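Throughout, a chain's letter reflects where its sequence line sits, starting with A, and its residues are numbered from 1. What you see below is based on every heavy atom in this structure, not just the backbone, and it leaves out hydrogens, waters and symmetry mates. Only a predicted model underlies this, so the values are computations on that prediction, with no experimental measurement involved.
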Amino acid sequence: MENNTQKNILVITILVTIFSIYNLSIYTSNKKGKVIQLSENAIQGEVLWQNNNCWSCHQLYGLGGYLGPDLTNIYSTQNKGPLYIKSFLNSGIKAMPKFNFSEQEKEALVSFLQQVDSTGFYPNTNAIIKPNGWVDIKYKNEK
Amino acid sequence: MKNKTPILFITAALSALLLGMFFGLFASLQYIFPDFLKEIIPFTKMRPFHTTTVISWIILAATGSIYFFITEVEKIAFRFPKLPKIHFIIFMFTGVGIYLSYIFDKMEGREYLAYTPILTIPILIGWVLFGINYFKTIRKKVKNWPVYYWMWGTGIVFMIYHLCEAHLWLIPSFRETFIKDITVQWKSYGSFVGSWNMLVYGIAIYLMSKVKNNINVARGKTTFFFYFLGLTNLMFGWAHHTYIIPTQIWIRYLAYGVSMTEWVVLFHIIYTWKKSLSPKIIEDNRVVYQFLVAADFWVFLNIILALLFSIPAINFFTHGTHITVAHSMGTTIGINTSILLAAMFFIVSKLKNEAFMFRKLKITYYAYNGFLLLFLCTLLYAGVIRGNWMYFTKDIPFSEMQNSLYYTYIAFFIFGIGLVWSILKIAIVLLKPLIKLFFNTSIKISE
Ligand code: HEM
């Protein structure tokens with residue numbers, strides 16, 4: 001094998017090794033205690049969220065499609081919350097499709113949004129912007 | 001030309017481009033008439049139709065180009081000469097499956113991969129076959145690989161990996177930890193784009209070395225530095241998608257450090273290449289040259305945009321707005337599509353045995369770039385308004401903010417039509433000879 005080829009393979013091996021450790025640590029992270037685990041009901045809500053493509057118009061943590069508003073903290077927003085969410089689901093207001101969810105399905109979606117809400121803030125209005133360009137975001141499970 | 005599979009790939013790719021853009025137009029109509037059209041052309045379908053189809057354009061065009069370059073330009077015979085055709089057939093059947101799954105509302109997947117997850121299996125099989133054939137062939141037949149062989153190989157391998165990673169949510173224990181789940185989901189998408197960029201940027205460097213007729217473009221130190229930087233970015237740069245998710249701090253720091261550099265080098269490579277060409281070479285390859293120059297221009301604009309919002313303090317305000325969409329479409333159209341169109345022109349002129357005249361394409365070419373610029377400006381403006389609404393206003397309902405953008409969305413739609421029109425004209429220029437050639441039994445490829 002030529003010299004160059006060997007050198008390239010060496011660099012790639014090093015990168016892939018670091019990458020593997022990095023991935024492993026991300027995949028196995030958050031095992032200790034305080035992490036929020038979705039309940040069974042919430043997972044059912046997430047499945048509904050996925051199968052009905054809520055994400056094509058809504059965002060969680062700003063990620064998703066952009067025709068509708070972000071819903072990360074809808075559960076805990078003043079004047080909104082569970083009843084408000086439920087009333088929206090089958091209303092078919094504006095661009096939102098008219099869904100036909102049963103009471104139990106609405107509960108599941110609310111439970112999903114409630115648990116998403118408990119994981120953090122978005123928009124993170126209390127974050128602190130540093131002069132060097134970094135942002136200290138506010139975490140919800142901080143004391 | 002004995003094997004017409006590369007022609008099939010690029011014809012399918014160009015068709016996907018045209019189809020995908022029309023879905024984009026339909027999706028953008030919903031911004032203008034929210035209640036009116038939602039039953040007939042639901043956004044929940046138009047958006048996934050659009051993104052899946054235009055991503056297929058990139059993937060199919062890149063794959064077809066690589067098959068073409070290897071077999072028809074380098075004259076290297078594949079170890080398994082039948083596999084490319086099988087690869088093509090698998091992808092076409094899966095494509096039909098994906099549309100059926102969208103039409104019949106079997107959309108259990110997530111963003112960008114919204115189809116029913118089973119369909120990922122044939123896609124993976126296609127990539128694995130491509131990979132096996134590629135490595136078995138190139139390892140034996142090419143010594144001291146120029147950089148593009150490294151890039152294509154890397155692209156294939158990481159494509160397979162990140163396609164799997166994007167489906168880790170199928171494992172229940174993954175799904176339960178929401179923050180980890182959403183982080184890995186968007187990590188995989190970032191790297192997925194990084195993987196196809198490996199294929200596309202490899203094609204750009206290949207074209208540059210062919211136009212200049214000098215392999216050193218693909219051998220220098222800077223070029224390999226660019227490759228390794230791109231690889232690092234693919235692995236670790238994704239997290240600028242997720243600054244705002246409350247993950248562990250070090251992930252966010254690392255992303256900040258890495259995500260700044262790659263394009264600077266790509267810009268530098270194309271720019272140096274461009275300056276080194278003689279007027280004769282430029283004239284002989286005018287159309288290919290022009291599209292690579294266009295790609296360079298869009299790299300430059302996107303560097304400025306991306307450098308800015310890789311800075312967390314700015315990302316904070318632009319994240320979750322149409323500025324992100326401007327970035328995605330700015331790069332997938334401006335950079336990826338321009339490079340791939342250059343490749344299409346290179347390939348079709350080889351097949352036709354005559355160069356395209358830039359004179360005839362000039363207006364369309366400038367219209368394409370001009371409309372794209374205007375198109376992106378409307379998205380940026382919509383993003384600024386939305387960012388402002390999110391952070392600096394209180395108690396203004398979403399619908400009111402959305403209504404204030406009514407004319408912006410109309411402009412977005414109109415510039416979208418301009419963009420579709422110009423790309424349509426370019427695609428027709430390419431498709432006509434391709435279809436003719438496909439039915440012509442003996443094609444000779446020019447050297
Ligand atoms: C070569 C052509 C095109 C490519 C490669 C392309 C690519 C993309 C991509 C990657 C996204 C996902 C954006 C994200 O999630 O951040 C997207 C979204 C979108 N595109 Fe395109 N696009 C193209 C042309 C068009 C055209 C001509 C229109 C028509 C106006 C259009 C309208 C849209 C709309 C409305 C969205 C959804 C934005 C949202 O979530 O609200 N696209 N496109």
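Neither the backbone nor the side chain of F392(B) comes within contact range of chain A; no heavy atom of the residue lies under 4.5 Å from a heavy atom of that chain. Of the two parts of E39(B), neither the backbone nor the side chain holds a non-hydrogen atom closer than 4.5 Å to a non-hydrogen atom of chain A. Residue N51(A) touches chain B through both its backbone and its side chain, counting heavy-atom pairs closer than 4.5 Å. In this structure, the portion of R47(B) lying under 4.5 Å from any heavy atom of chain A is its side chain and not its backbone. Within the 4.5 angstrom heavy-atom criterion, only side-chain atoms of F224(B), from C-beta onward, approach chain A. Interface remark: T321(B) contributes backbone atoms only to the contact with chain A (heavy atom separation under 4.5 Å). For chain A, the nearby parts of T44(B) are the backbone and the side chain; heavy atoms of each come within less than 4.5 Å. Neither the backbone nor the side chain of Y149(B) comes within contact range of chain A; no heavy atoms are under 4.5 Å apart. Interface residue F228(B): backbone and side-chain heavy atoms are both found under 4.5 Å from chain A.
Residues that satisfy the ring-ring contact (aromatic ring centres under 6.0 Å, His included) test with Y84(A), not counting sequence neighbours, are F88(A).
Ranked by heavy-atom pairs under 4.5 Å with chain B, the list P97(A), S39(A), G92(A), G64(A) is led by G64(A). Counting heavy-atom pairs closer than 4.5 Å to chain A, the top-ranked of the candidates P42(B), P48(B), G109(B) is G109(B).
Although no hydrogens or angles enter the test, the distance criterion places a donor-acceptor pair under 3.5 Å between the side chain of Q402(B) and the main chain of L67(A).
Under the 4.0 Å criterion applied to side-chain N and carboxylate O atoms, D181(B) and R110(B) are assigned as salt-bridge partners.
Residues D117(A) and T72(A) have side chains not in contact (no heavy-atom distance under 4.5 Å, counting atoms from C-beta outward).
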Name every donor-acceptor pair, under 3.5 Å, that has one atom in a side chain of residues 98-110 of chain A and the other anywhere in the protein, sequence neighbours excluded.
from	atom 1	to	atom 2	distance (Å)
K98(A)	NZ	N90(A)	O	3.0
S102(A)	OG	E105(A)	N	3.2
S102(A)	OG	E105(A)	OE1	3.4
E103(A)	OE2	K86(A)	NZ	3.2
Q104(A)	NE2	Q44(A)	OE1	3.0
E105(A)	OE1	S102(A)	N	2.9
E107(A)	OE2	K86(A)	NZ	2.6

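A side-chain donor from one of E165(B) and Y27(A) sits under 3.5 Å from a side-chain acceptor of the other. A donor atom on one side chain and an acceptor atom on the other are found under 3.5 Å apart for N23(A) and Y161(B).
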